[in-house]
Structure formats: structure tokens, C-alpha cells
Amino acid sequence: MTTRISTRPCPPRQSDLLRQGGVHPVLARIYAARGLFDVRELSCELAALVPPSGLKHIDAAAVFLADAIGAGKKMTIVADYDCDGATACATALRGLRAMGAQVDYIVPDRVVHGYGLTPEIVELTAREKSPDIIITVDNGIASVDGVVAANALGIEVVVTDHHLPGDLLPPARVIVNPNQPECGFPSKHLAGVGVVFYVLLALRAELRRRGVFDAQTQPKLDNLLDLVALGTVADVVKLDANNRILVAQGIKRMRAGRMHAGVAALFRVAGREARSASPFDLGFAVGPRLNAAGRLQDMALGIECLTTDDEGRAWAIAQQLNEINLKRREIEAEMQDTALLHLDDFQPSDSSTIAVFDEGWHQGVIGIVASRLKEKFFRPTITFAPGGPGLIKGSGRSIPGFHIRDALDLVSKRVPGLIDKFGGHAMAAGLTMKVECLAPFQEAFEAVGRAWLTQAQLERVVETDGPLEDEFYTTAFIELMDGQVWGQGFAPPVFCDDFRVLSQRILKEKHLKLVLERNGRRYDAIWFGHTDSLGERARVAFRLDANEYNGVTKVQLLVEHAEPA
């Protein structure tokens, strides 16, 4: 597994224009290297959001829902069992109730019902909730059979989703999804919770037009933005200009202490400070604790955490979610050990993909294990667990340049009948098949990998923003960077330079603690999870971090990768 450091090309003209527009010189260079050329794209004000009208069928959805509210119809939300699904469900519940809807929800159990609006879930919903209308959030675009089953029972379906559609769209009453054919919405990267938020904005505008509210009396939807930000970051969608506004606004509310009780409780149980909330906290501290419920138990617990306004109840649930997450970590560690045993004789140089199955694995955790293996070997990876009698369920994670949903599509076209069902995105996908199909699947998947991936794409590249001028190794510059929204598709700055290695020692048997020198200045640095020593000169890719110790804050370098200079 080779890793190399590269520097992102930065168009100097664009970076100069940003600088002339008042952007900090280093940030101007960083933004230009990420394809952001217009100062207006830096606006994080709500007024800069792309208007809802660009989403195909959103006006039809608003009219349909406004009529349903007026007629007192019963609605049930069918959610997905991950963090995006839970925040989308809570957002829909809170928003629709604020607009006078009679609305309840149901969450599939990933082991019993599988993913999406299945006929089984429709039957359960009809039996337990007897709704007039089902609204899907963060799922439904592939649920052709489920929508047919609902229609047969006289239940109308509104699909809100962001996943990629298959060849056939479900016969729903309305579909709102920026990725459906002929949808001209400029941001294709809205998360499920973002789509729901947009539907609520359109519905509120429709109710205003009907005179139900005016600008003064209408429900405030911006108080849902903490949930929108959490789901958007946790679902690892690309943070384009539109998503950055949603996330920045949500984080602003968290930092000001204006968030829902459940979000505040999750921050507290994770030991993170909401007043300095960052996308990193949402993705790595708050999100996983919410996700754990859907992985090991029932996401209804997570949704209750996000829908209760009782702080005591929210804290009690957050503690339960924390316990479940600890259990999830244990299971994951065991599964990972088993996976590495399976891959004992795996030679990355001979393979361009990984597909691995174990009888004892838990389907709620295979996605995380796939993620870890992909990180370790830098290959598109699918991990499989038992998925009911004679079936296995797989969860896949990919590397840049390999669209894993399209790869599964190609496998299923080349070998018809091999995969029972599949769906997902470019970087993550899921599938179900018969256990005896595993070996032919591994072969067909590897064939696609070989055809699509070049040797260069199978090298891990640490992309950097080049050197950082001496005067910016400061806590003030770190604060400036922390004020921006970084994340998927808008990577946080990583700098790169040559240093003299003055000293190095191993910390807690697993980290490398360094003192580096450049231009006569010394910097403390740490390389987590790495113990091989460096030579006396090294080329280092690093992030800046403000490290507080005994009341003194100093700049330290977090090493991403280093190689001999």
C-alpha cells in the first residue's frame, strides 16, 4: 500500500480575485484550489440558499401536503435507520406538526425489514398506524414494490429521498429528489434531511399563499437547522456551497446554545463542547452515537432523542445511546480482527477490490468495518454478514474514481440473477444476494475493479495545500480556519513542507511524538497511530492544531503523512 504526498493545483488568477475580494491570503489560495472562485459562494447566510422552486415536483408536494393538512388526513413518516434518516424524520415531524399536520412515524428494523419502503413495512404501517399518506424520508426512490403495495391499500405515498434512482421510478403520488431524472436543482448533494427541509420551506410558502399564516405568524423553520446540519455532515454528502450554508447555520445555532435538547445531550454525553461545535464533532462524536441505535437496536430511540423537548428525557436517552455505541465499538473491533484474519494472505498488489464474508458478523456494523478495511488497504471494499435464511447482506465503501453503485449495476447486468437487490451512491452501497453467489460475485466485482481502476488510483494520495508561510503558524490563524465549514468534498486544509527532525519518541506504544524545525523555528508534532521513526529530514503533510496544556495554548502539527525529504 503506497502513499504519496501531492499538492493541489491552485489557479493563481482565481486566488488573486478572492484576495482582492477581502479573503485572507492563505484562505484565498485554499478556496481556489477547491474550485471556489466567487466571493459570493462564501456567504453562509440563509438568504444565499438555492430557492426550493428548483426542485422538481416540490410545488406539487407542497400543494398535496397543504390539502392533506387542511383535510385532517393522517400521515406516517417512514424513516431510514441511519443518522440522516433519524434527523430527517425528526425534522419532518417537528416541521409538519408546527404546520398543523397529524403525523406519526415508523422506523424499519434493519435486520427484520431491510432497507427502504418494503411491502412488509407498508403492511406494518397500515396495521399499526392506518395512515392516509406515507411520507418517506432518506429512502423510497428504489421502493417500487413498496409503493405499489401502499397504493393497493389506498395509501398515497410522497417520496423524499436523495439516493440515486434505478431504471424504474416508484408510482408515488409525488417524488422530491434532486437526483431524479430531469431535476434541474443545482445542488445534487442535498442529504435526505436537506430534501425534507426544502419540502417544509415549500409547504410553508404554500400555506402562506392560502392565508393560513402570514410572515409574522408562520412557524420558524430555522430552528430545525441543528438537525439539518447534523444529518448532512453525518451522511458524508459533499459540502457544496448550498450544503455549507445549511451546516454553517446549524453550527451557529449550536455554538449559541440554541439547539434541540437531544442534540445538546449528545454533545454532553460525547464530552464535546457545543459552544465550539465543528463539523468534526457532528461526524465523529454526535453522529456515531445516534447511528449506533440503528445499527444494533432500533432507531426509534435516536428519533425520540431528537424529538423530545424534555431535557431529562433527552439526557437519559443520550446515555443509553452512548452505551449502545460502546457495544458497537466492541463488536466492530472483534469483526475487524476477524476480517484481517480472512485477509491474512491478501496482497493489495494482486487485487483491486475486497469482498469478504463471515458467518458471525452483525449486519448493523459491516458498513463501518468496510470503511476501516478500505482505509487500511485503499481498495473498494464490501463486507457481508448473514441476512436471513440462505441470504447474505453486503455493505460497500469505495475510493475516489470508483462509483460503487454503478459497479454493482454492471455486475448485475453481466451476471443476471447474481444480486437480488442493491442501491446506494458513488462512495457507499448495499446489496443482498444468496450465500452461494459469493464466489462468483467476488470474481465479477474484481473484474469491474480491474477494468475501471488504474494503478495510480490504487495509491493513497494525501492531497495538501503546499507550504504555509511562517507567520501563519499561530492560534489566530487556527481560529480563522475553524470558523469555516470543512468536510466531505471541501477538505480541511493540510499543509506540507520539509522539516529537520530534532527529536522523536514513541508515546503510549502507538503514537510518534516529534519536535520539528524549519527556518530556525521549532514545532511540536504528533503522528497518531504511527511508530516507525523518521530520518533526520522529512517532508511532512500536516494539519495545524491548537493544543492547550496547563492553561497555555500552543500550536502543534498533526501529521497526516511523512516521507524522507
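Atom set for the values below is all heavy atoms of this structure, side chains included, hydrogens, waters and symmetry mates excluded.
Of the possible polar contacts, none joining the H260 side chain to the V263 backbone as a donor-acceptor pair under 3.5 Å is found. Panel note: side chain K510, backbone G529; no donor-acceptor pair is recorded below 3.5 Å. Looking only at distances, a side-chain donor or acceptor of N177 sits under 3.5 Å from a matching main-chain atom of N179. At distances below 3.5 Å, at least one donor-acceptor pair connects side-chain atoms of T87 with backbone N or O atoms of D84. Within the 3.5 Å criterion, the main-chain N or O of V137 finds a donor-acceptor partner in the side chain of N139. The closest donor-acceptor contact from the side chain of E560 to the backbone of V494 lies at 3.5 Å or more, if one exists at all.
Rounded to the nearest 0.5 angstrom, Q249 CD and D222 CG are separated by 8.0 Å. Between the CG atom in D545 and the CE atom in M481 there is a gap of 9.5 Å [rounded to 0.5 Å]. Rounding to the nearest 0.5 Å gives a distance of 7.5 Å between CZ of R110 and OG of S395. We find the OG-CG distance between S187 and L49 to be 9.5 Å, quoted to the nearest 0.5 Å. One finds the CZ atom of R289 at 4.5 Å from the CG atom of N322 (value rounded to the nearest 0.5 Å). Between the CG atom in N243 and the CD atom in Q488 there is a gap of 11.0 Å [rounded to 0.5 Å].
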Begin from the C-alpha positions of Q319 and W315 and carry the test side chain to side chain donor-acceptor pair (under 3.5 Å) through to its verdict.
CA-CA 6 Å; Q319 287 173 290; W315 175 237; 3.2 Å; yes
Please determine whether side chain to side chain donor-acceptor pair (under 3.5 Å) holds for the pair Y31 and Q484, giving the CA-CA distance in whole Å, both sets of side-chain angles, and the decisive distance to 0.1 Å.
CA-CA 11 Å; Y31 290 149; Q484 321 303 311; 2.7 Å; yes
Side chain to side chain contact (heavy atoms under 4.5 Å, CB included) between F267 and M254, worked out:
CA-CA 10 Å; F267 263 97; M254 293 169 193; 3.8 Å; yes
Taking it one step at a time, do S43 and E45 satisfy side chain to side chain donor-acceptor pair (under 3.5 Å)?
CA-CA 6 Å; S43 169; E45 294 314 305; 5.6 Å; no
Check step by step if side chain to side chain contact (heavy atoms under 4.5 Å, CB included) holds for I526 and L507.
CA-CA 9 Å; I526 187 161; L507 203 62; 3.9 Å; yes
Should R328 and E332 be marked as a salt bridge (charged side-chain N to carboxylate O under 4.0 Å, His left out) after you check the CA-CA gap, both sets of side-chain angles, and the distance that decides it?
CA-CA 6 Å; R328 185 270 303 170; E332 182 200 328; 2.4 Å; yes
In sequence, state the C-alpha distance, the side-chain angles, and the governing distance for V159 and T136, and then conclude on side chain to side chain contact (heavy atoms under 4.5 Å, CB included).
CA-CA 5 Å; V159 168; T136 70; 3.6 Å; yes
Let me see the working for S278 and D482 under side chain to side chain contact (heavy atoms under 4.5 Å, CB included), right down to the final yes or no.
CA-CA 8 Å; S278 70; D482 286 348; over 6 Å; no
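Salt-bridge formation is not detected for the pair D226/K252: no Lys NZ or Arg NE/NH1/NH2 atom is positioned less than 4.0 Å from an Asp or Glu carboxylate oxygen. With respect to the salt-bridge test (charged N to carboxylate O, under 4.0 angstrom), the residues E123 and R127 qualify. A salt bridge links E304 with R313: the distance from a Lys NZ or Arg NE/NH1/NH2 to an Asp or Glu carboxylate oxygen falls below 4.0 Å. The pair R34-D465 meets the salt-bridge criterion, with a side-chain N (NZ, NE, NH1 or NH2) lying under 4.0 Å from an Asp/Glu carboxylate O.
Around the CZ atom of R255, the shell of radius 6.0 Å holds more than 12 heavy atoms that belong to other residues, nucleotides or ligands. For K421, the NZ atom is loosely surrounded, since the number of other residues' heavy atoms within 6.0 Å does not exceed 12.
In this structure, D337 has no salt bridge (charged side-chain N to carboxylate O under 4.0 Å, His left out) partners at least two apart in sequence or on a different chain. Judged as a salt bridge (charged side-chain N to carboxylate O under 4.0 Å, His left out), and not counting sequence neighbours, the contacts of D420 are K434.
Considering all non-hydrogen atoms of both residues, S143 and L117 come closest at OG-N, 3.1 Å. Among all heavy-atom pairs drawn from P219 and R204, the shortest one is O-NH1, 2.8 Å. Of all heavy-atom pairs between I399 and P380, the closest is CD1-CD, 3.9 Å. Minimum interatomic distance between F384 and I366 (heavy atoms only, all atoms of both residues): C-CG2, 4.1 Å. Contact between M299 and D80 at its shortest, heavy atoms only, is CG-O, 4.4 Å. Across all non-hydrogen atoms, the minimal contact from P348 to R379 is O-NH2, 2.8 Å.
At a threshold of 4.5 Å between non-hydrogen side-chain atoms, the residues L343 and F377 count as touching. Side chains of V356 and L373 form a contact here, defined as non-hydrogen atoms less than 4.5 Å apart. A heavy-atom distance below 4.5 Å is not found between the side chains of M335 and I368. Residues L512 and T531 have side chains not in contact (no heavy-atom distance under 4.5 Å, counting atoms from C-beta outward). Side-chain atoms of I135 and L96, non-hydrogen and from C-beta on, do get closer than 4.5 Å to each other. I317 is listed as a side-chain neighbour of L301, based on a closest heavy-atom distance under 4.5 Å. P279 is not listed as a side-chain neighbour of L282, based on a closest heavy-atom distance of 4.5 Å or more. Side-chain atoms of L224 and R94, non-hydrogen and from C-beta on, do get closer than 4.5 Å to each other.
Aromatic ring orientation, Y81 versus Y115: perpendicular (interplanar angle above 60°, classes split at 30° and 60°). The aromatic rings of F477 and F495 are tilted relative to each other, their planes meeting at an angle between 30° and 60°.
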Please tabulate, for the side chains in residues 227-239, all donor-acceptor contacts under 3.5 angstrom to protein atoms that are two or more places apart in sequence or on a different chain.
unit_1: T232; atom_1: OG1; unit_2: V228; atom_2: O; d: 2.7
unit_1: D235; atom_1: OD2; unit_2: H162; atom_2: NE2; d: 3.3

Would you be so kind as to tabulate the donor-acceptor pairs closer than 3.5 Å made by side chains of residues 193-201, with sequence neighbours excluded?
unit_1: Y198; atom_1: OH; unit_2: V50; atom_2: O; d: 2.6
unit_1: Y198; atom_1: OH; unit_2: N242; atom_2: ND2; d: 3.1

Which atom pairs, donor and acceptor, lie under 3.5 Å between side-chain atoms of residues 97-105 and protein residues at least two apart or in another chain?
unit_1: R97; atom_1: NE; unit_2: V103; atom_2: O; d: 3.3
unit_1: R97; atom_1: NH2; unit_2: V103; atom_2: O; d: 2.9
unit_1: Q102; atom_1: NE2; unit_2: G72; atom_2: O; d: 3.1
unit_1: D104; atom_1: OD2; unit_2: K129; atom_2: NZ; d: 3.0

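Listed by first and then second residue, the ring pair (Phe, Tyr, Trp, His ring centres under 6.0 Å) pairs that reach into residues 277-305 are F280-F284, sequence neighbours excluded.
Checked against the 6.0 Å centroid threshold, H425 and H163 count as a close aromatic pair.
For R405 and F422, the positive end is not near the middle of the six-membered ring at less than 6.0 Å and at most 45° from its axis.
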